[in-house]
Every structure is written in C-alpha cells, then in structure tokens.
Amino acid sequence: MTEARPEQRRMTISDPQVMRALAHPARIAIMEHLSTREGGATATECAEVVGMSPSATSYHLRALAKAGLVEQAPSRGDARERVWRTFSHAWMVDAGQDAGPEARAAEQALVEAHAARDMERTRDWLRRAGGEPPEWYDVALFNDSLLLLTAAELAELNEAVLALLRPYRQRNRQADPPAGARSVAVQYKAVPLA
C-alpha cells in the first residue's frame with residue numbers, strides 16, 4: 001500500500017549539480033514517468049519506458065536519488081522489489097537571474113537535453129503521422145505565434161495556459177482515463193525575444 005503524502009508544490013531546481021544529474025535523456029524520461037505514477041515504479045517498469053536494461057535504469061535511479069530528485073517508495077508487498085517515486089510531481093529549472101557561469105552552463109545543458117527530447121517526439125510523430133487514425137491526425141497541432149505583450153500580460157497568459165492543462169495531466173487521470181485517451185506531449189514555451 002502506498003503511503004499518503006500531502007499535495008506537492010512545484011519543485012524548483014537551481015543547484016548546478018542537480019541540473020547536471022538530470023541532464024541525461026534517460027533520467028528525464030524516468031522523472032517524467034515517475035511523476036505520472038501515484039505509487040511510483042520499479043527499475044524494471046521504468047526500463048520499459050526508457051528502453052534500457054533494468055540494471056542500467058537502476059543506475060540512473062540511484063543517480064537521481066543521490067541528487068535528491070527521487071526516493072524509495074514504500075514496498076508494494078514484495079520486500080525484494082524496490083519502488084521509486086519522485087519528491088515532486090512538477091518541477092522547473094531556474095538557476096536564478098544572478099546565477100554564475102557554472103549554474104548557467106548546467107541550466108543550459110539540462111534545457112537543451114529536454115528540448116532534444118521534445119524535438120525527437122515531434123520527429124517521431126511526423127514519421128508515423130500518415131498511419132495514425134484520422135481523429136488523431138486531425139487534432140495534432142504545431143503552432144508558433146509571435147505575441148506583443150507586457151510582462152504582466154505574459155504572466156497572466158502563462159497562468160491561463162497552465163490552468164487549461166492542469167485537469168488533463170496524466171497523473172490526474174491515471175486511475176480512470178476516458179476511453180480512447182492517449183498520452184499527448186504538449187510543449188509550451190514563452191520567451192521574450194531580443
């Protein structure tokens with residue numbers, strides 16, 4: 001049985017060592033997977049998601065634990081089985097406006113690793129889009145908009161977009177997903193241009 005934990009707030013990752021520990025495609029995938037699992041997951045379950053062996057996945061889980069991003073969860077009844085869970089189901093990276101060169105480099109490496117994952121998901125969709133059912137093909141969307149906003153308006157827009165996404169988060173729907181539901185990757189970025 002899973003031990004109940006209070007509702008978690010978004011974790012801000014600002015430590016360069018933690019950012020470097022997370023800046024690996026397998027670790028990003030593991031964190032994403034664990035953030036959707038209420039009771040956590042084993043290395044074997046995570047291995048299926050990241051496409052690695054359970055022992056390689058276990059290595060990455062231990063590295064994430066050392067960085068303070070995951071912990072062992074209560075057992076599901078089999079004492080031999082190690083179940084892992086995240087400390088927070090939502091996280092963001094922010095070295096801080098006054099960060100030094102080490103923190104900036106670590107932040108950039110992590111953001112670039114995450115962006116590469118997003119781009120690979122887009123490429124994967126494009127490779128298989130022709131074979132998808134029409135109802136899914138017709139609703140896939142690529143959008144790039146240039147907006148003219150004040151900082152206050154951008155803050156308001158960000159909150160509105162995040163509020164729209166919240167009820168559909170996989171973690172919130174895992175227990176009883178609607179018929180025909182699929183995992184959908186949504187990337188939202190809002191960055192002021194020079």
Side-chain angles (χ1 to χ4, degrees), residues 5-38 49 64 67-70 85-126 129 136-178 181-194:
R5 293 191 292 172
E7 185 59 33
Q8 299 162 338
R9 296 170 52 101
R10 179 184 303 255
M11 174 195 298
T12 300
I13 299 172
S14 58
D15 183 314
Q17 291 180 328
V18 175
M19 287 187 264
R20 279 193 298 278
L22 187 52
H24 186 286
R27 294 178 189 170
I28 292 170
I30 289 168
M31 287 291 290
E32 180 181 74
H33 181 65
L34 290 177
S35 72
T36 67
R37 314 299 301 173
E38 182 60 41
V49 173
L64 289 168
L69 295 168
V70 301
R85 66 183 177 192
T86 59
F87 280 106
S88 177
H89 302 298
W91 48 276
M92 63 179 270
V93 176
D94 184 4
Q97 193 166 7
D98 299 325
E102 178 190 7
R104 279 281 166 241
E107 180 182 50
Q108 184 172 346
L110 177 52
V111 169
E112 286 178 6
H114 206 282
R117 178 176 165 81
D118 291 346
M119 182 49 73
E120 184 50 39
R121 285 178 164 171
T122 301
R123 287 185 185 116
D124 178 58
W125 166 258
L126 292 171
W136 286 102
Y137 182 87
D138 292 343
V139 295
L141 173 68
F142 295 92
N143 178 53
D144 190 8
S145 300
L146 288 178
L147 307 177
L148 188 59
L149 303 167
T150 65
E153 289 171 328
L154 180 54
E156 185 179 312
L157 177 64
N158 288 340
E159 184 50 43
V161 170
L162 294 176
L164 283 171
L165 298 176
R166 214 168 280 127
Y168 302 103
R169 290 199 178 276
Q170 189 168 341
R171 177 173 185 75
N172 300 338
R173 303 183 106 195
Q174 194 75 32
D176 190 26
R182 288 172 67 174
S183 290
V184 174
V186 175
Q187 292 90 32
Y188 173 73
K189 297 164 189 66
V191 293
L193 302 178

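What you see below is based on every heavy atom in this structure, not just the backbone, and it leaves out hydrogens, waters and symmetry mates. Quantities reported herein were computed from a predicted structural model and do not represent experimental measurements.
- With sequence neighbours left out, Glu159 forms a side chain to side chain donor-acceptor pair (under 3.5 Å) with Arg166.
- Contact detail for Ala129 and Tyr137: the closest heavy-atom pair is O-CD1, 3.3 Å.
- The main-chain N or O of Arg37 is found under 3.5 Å from a side-chain atom of Arg171 such that the two form a donor-acceptor pair.
- Nearest heavy atom pair, residue Ser14 against residue Asp94, reads CB-O, 3.1 Å.
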**Q.** side chain to side chain contact (heavy atoms under 4.5 Å, CB included) between Val49 and Glu32, intermediate numbers included
**A.** CA-CA 10 Å; Val49 173; Glu32 180 181 74; over 6 Å; no
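- Applying the salt bridge (charged side-chain N to carboxylate O under 4.0 Å, His left out) test to every pair with at least one member in residues 13-28, sequence neighbours left out, gives these pairs: Arg20-Glu102.
- Atom CD of residue Gln187 and atom CG of residue Asp118 lie 4.0 Å apart, to the nearest 0.5 angstrom.
- Expressed to the nearest 0.5 Å, how far CG of Leu22 lies from NE2 of His114 amounts to 8.0 Å.
- Looking at residues two or more places apart in sequence or on another chain, you find a salt bridge (charged side-chain N to carboxylate O under 4.0 Å, His left out) between Glu107 and Arg104.
- Atom NZ of residue Lys189 and atom CG of residue Asp144 lie 10.5 Å apart, to the nearest 0.5 angstrom.
- Nearest heavy-atom pair, Ser35 versus Thr86, reported as atom, atom and distance to 0.1 Å: N-CG2, 4.0 Å.
- Ser183 and Gln170 share a donor-acceptor pair across their side chains, judged by distance under 3.5 Å alone.
- For the pair Leu64 and Ala21, the tightest heavy-atom approach, listed with the atom from each and the gap, is CD2-O, 4.5 Å.
- How far CG of Leu126 is from CZ of Phe142: 4.5 Å, rounded to the nearest 0.5 Å.
- Residues Glu156 and Leu149 have side chains not in contact (no heavy-atom distance under 4.5 Å, counting atoms from C-beta outward).
- The nearest pair of heavy atoms linking Thr150 to Glu153 is N-OE1, 2.8 Å.
- Distance CG/Leu157 to CG/Leu147: 6.5 Å, rounded to 0.5 Å.
- In terms of heavy-atom proximity, Pro167 sits nearest to Asn172 at O-CB, 4.5 Å.
- Atom-to-atom distance recorded for Met92:CE and Thr12:OG1 is 4.5 Å, nearest 0.5 angstrom.
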